[in-house]
Amino acid sequence: MQGGSGWSPLPLYIAPHLLLTMGVMLNALMALTQVENEVGKEQYSVTSVKKNYIYGNTHHKVNVYVKVHRDSPFLVCMDLSLSQSEVIDPNYLWIGPDGLNLRRKSYVNLTATGKLMVRGFTEHMSGSYTCTLSYRVLQPDMKGEREIFKTYRFMVYAYREPDYTYRMAVHFTTKECRLTTNHQFFQELNKILNNLISHLTCRISETSYRCFSVKRPKHGLEDELFIVFQVSPFAPGWELICRKMASDCEDVTNNRVQKAQSLVEEFFRRQQYIMKHEFQNAPAIHYIDHSLQVTRLDSCRPGFGKNDIAHSDCANCCVACDPGSYSPNNAVVCQPCANIRIKNYGAKSC
């Protein structure tokens, strides 16, 4: 058994079967670079944000998730059933997470009918938004009245989409595990894949391989290369692309890496086709059809993390870390802060 990873210069001599295999791959690469694959952006389905109005509930808080730097939906200081009735002399008092009246805040849009929108939402705006509604109920004879008070609480959280990275695993047959050309082949494959996606400012990372003897059903023992790598959107220059964006660029970053992942998948799909139609005898090292496996790996920006229990309505979102927790890196989970009590959302340090 033999394994390895990393990069080193190719020796001057390369076995003929390796050159033949590389020819198959280069043919596939040339065909792919002539076609631009379009991949649609994946959008998270956060029901609360898609609606224009979010109604309150007197029995429990209402969770609302707002993407960073976007405007929140309108929070309605009324429950749905009451909104279908006649309300006399309504009065609305909105209190923000800091405990202050929101009426004169420059970052909110507060309508005369008690609807609240928070503009340009950031992680530090997360928290409890409470509205108290008062209105009159008249007796049928108009000789008496009483005042009703109702309180509605909205928990509003800033979220981001996670950054995508794709881990891929693929198998190739080889003549023997002890061949030095296995490592040469592995290096050339890395170069080809990097060239394939470089125009998208993506790169191949975390590459490694091992060789095993495998017994498959209805076949004898065969030596195979098990190759693992990641398709990452963070090739040199990705920060420059982000600086050109008016807001955070995770949408553009994810779109780039989805296109790169699609190109790599298509590259391996074409391998078997090319060998069947262009070679009478398969090269010693060649792709095993349908061996490609793809897994999406998510990461969150600092100050954000996933919690599918606390935020089940937005389980796939990176939500601003709650007070008392923080995330200093691109991990997926916010960590508790043991030394200092953090009072704000989205902390990046403890």
> Hey, could you give me each pair passing side-chain hydrogen bond (donor to acceptor under 3.5 Å, both in side chains) that has a residue in residues 89-102? Not counting sequence neighbours.
Asp89-Arg136
> Are more than 12 heavy atoms, taken from residues, nucleotides or ligands other than Gln293, located less than 6.0 Å from that residue's CD atom?
no
> Given 3.5 Å as the limit, does a donor-acceptor pair link the side chain of His124 with the main chain of Gly346, or not?
no
> Would you say Ser72's side chain and Val118's backbone share a donor-acceptor pair under 3.5 angstrom?
yes
> If you measure from OG1 on Thr181 to CD on Glu176, what distance do you get to the nearest 0.5 Å?
9.5 Å
> How about Tyr53 and Lys115: do any of their side-chain heavy atoms sit closer than 4.5 Å?
yes
> With a sphere of 6.0 Å drawn around NZ of Lys215, does it hold more than 12 non-hydrogen atoms of other residues, nucleotides or ligands?
yes
> Residues two or more places apart in sequence or in another chain: which of them pass salt bridge (Lys or Arg N to Asp or Glu O under 4.0 Å) with Glu222?
none
> Any side-chain heavy-atom pair from Pro73 and Met117 closer than 4.5 angstrom?
no
> Under the 3.5 angstrom rule, does the side chain of Arg167 hit a backbone N or O of Thr295 as a donor-acceptor pair?
no
> Does Ser83 use its side chain to pair, donor to acceptor, with the backbone of Leu80 at less than 3.5 Å?
yes
> Using a 3.5 Å distance criterion without hydrogens, assess whether the side chain of Asp298 forms a donor-acceptor pair with backbone atoms of Thr165.
no
> Between Cys177 and Thr174, what is the shortest heavy-atom contact and its length?
N-CG2, 4.5 Å
> Checking Asn254 against Glu161 for the side chain to side chain contact (heavy atoms under 4.5 Å, CB included) test, could you report, in this order, the C-alpha distance in whole Å, the side-chain angles of both residues, the deciding distance, and whether it holds?
CA-CA 9 Å; Asn254 287 340; Glu161 289 190 24; 4.0 Å; yes
> Could you walk me through whether Tyr159 and Phe304 pass side chain to side chain contact (heavy atoms under 4.5 Å, CB included), step by step?
CA-CA 7 Å; Tyr159 83 94; Phe304 292 79; 5.5 Å; no
> With side chain to side chain contact (heavy atoms under 4.5 Å, CB included) as the criterion, how do Leu225 and Phe185 come out once you've worked through the C-alpha distance, each side chain's angles and the decisive distance to 0.1 Å?
CA-CA 10 Å; Leu225 300 176; Phe185 169 81; 3.9 Å; yes
> In chain order, what residues pass the disulfide bond (SG atoms under 2.5 Å apart) check against Cys131, with sequence neighbours excluded?
Cys77
> Checking side chain to side chain contact (heavy atoms under 4.5 Å, CB included) for the pair Thr207/Val228: CA distance, chi angles, key distance, verdict?
CA-CA 6 Å; Thr207 57; Val228 178; over 6 Å; no
> What residue pairs, at least two apart or across chains, pass disulfide bond (SG atoms under 2.5 Å apart) with a residue in residues 86-124?
none
> Please find the pair of heavy atoms, one from Val62 and one from Tyr55, that lie closest to each other, and give the distance.
CG2-O, 3.8 Å
> Give, for atom CD1 of Ile148 and atom CD1 of Ile88, the distance between the pair rounded to the nearest 0.5 Å.
11.0 Å
> Looking at Arg70 and Asp251, is any side-chain nitrogen of the basic one under 4.0 Å from a carboxylate oxygen of the acidic one?
yes
> Do you know which two heavy atoms are closest between Tyr157 and Asn63, and how far apart they sit?
CE1-OD1, 3.9 Å
> Hey, any chance Ile288 and Leu193 share a hydrophobic cluster, counting ILVMFWY side chains that come within less than 4.5 Å of each other, even indirectly?
no
> State, yes or no, whether a side-chain contact exists between Val231 and Ile204 at a heavy-atom distance under 4.5 Å.
yes
> Consider only side-chain N and O atoms of Ser128 and Arg153, and report whether a donor and an acceptor are under 3.5 Å apart.
yes
> Could you tell me whether Tyr209 and Phe186 have their ring centroids closer than 6.0 angstrom?
yes
> Looking at Cys350 and Tyr326, what are the two nearest heavy atoms and their distance?
CB-CE2, 3.5 Å
> Is the count of non-hydrogen atoms from other residues, nucleotides or ligands lying under 6.0 Å from Ile309 atom CD1 greater than 12?
no
> So Phe226 and Val170, do their side chains get closer than 4.5 Å, heavy atoms only?
no
> Counting only N and O atoms by type, is there a donor-acceptor contact under 3.5 Å from the side chain of Arg203 to the main-chain atoms of Pro236?
no
> Between Lys306 and Val333, is there a side-chain heavy-atom distance shorter than 4.5 Å?
no
> For Pro233, is there any backbone N or O sitting under 3.5 Å from a side-chain donor or acceptor partner on Arg256?
yes
> Would you check if Arg301 and Glu123 make a side-chain contact, meaning some heavy-atom pair closer than 4.5 Å?
no
> Hey, what do you get for CG (Asp313) to NE2 (His311), rounding to the nearest 0.5 Å?
10.0 Å
> Kindly compute the distance separating CZ (Arg269) from NE2 (His290), expressed to the nearest 0.5 Å.
11.0 Å
> Taking transitive links into account, so neighbours of neighbours count too, which hydrophobic residues share a cluster with Phe234 at under 4.5 Å side-chain distance?
Trp238
> Quick one: does His171's side chain get under 4.5 Å of Ile227's, heavy atoms only?
no
> Quick check: closest heavy atoms across Val257 and Ser232, and the distance to 0.1 Å?
CG2-C, 4.1 Å
> What is the minimum heavy-atom distance between Gly96 and Tyr129, and which atoms define it?
CA-CD2, 4.3 Å
> Is the NZ or CZ atom of Arg296 positioned over Tyr164's six-membered ring, under 6.0 angstrom from the centre and within 45° of the axis?
yes
> Tell me, please, whether Tyr107 has Arg119 positioned over its six-membered ring: NZ or CZ under 6.0 Å from the ring centre and within 45 degrees of its axis?
no
> For Thr111, enumerate each residue passing the side-chain hydrogen bond (donor to acceptor under 3.5 Å, both in side chains) test, keeping only those at least two apart in sequence or located in another chain.
Thr113
> Any side-chain heavy-atom pair from Val68 and Phe121 closer than 4.5 angstrom?
no
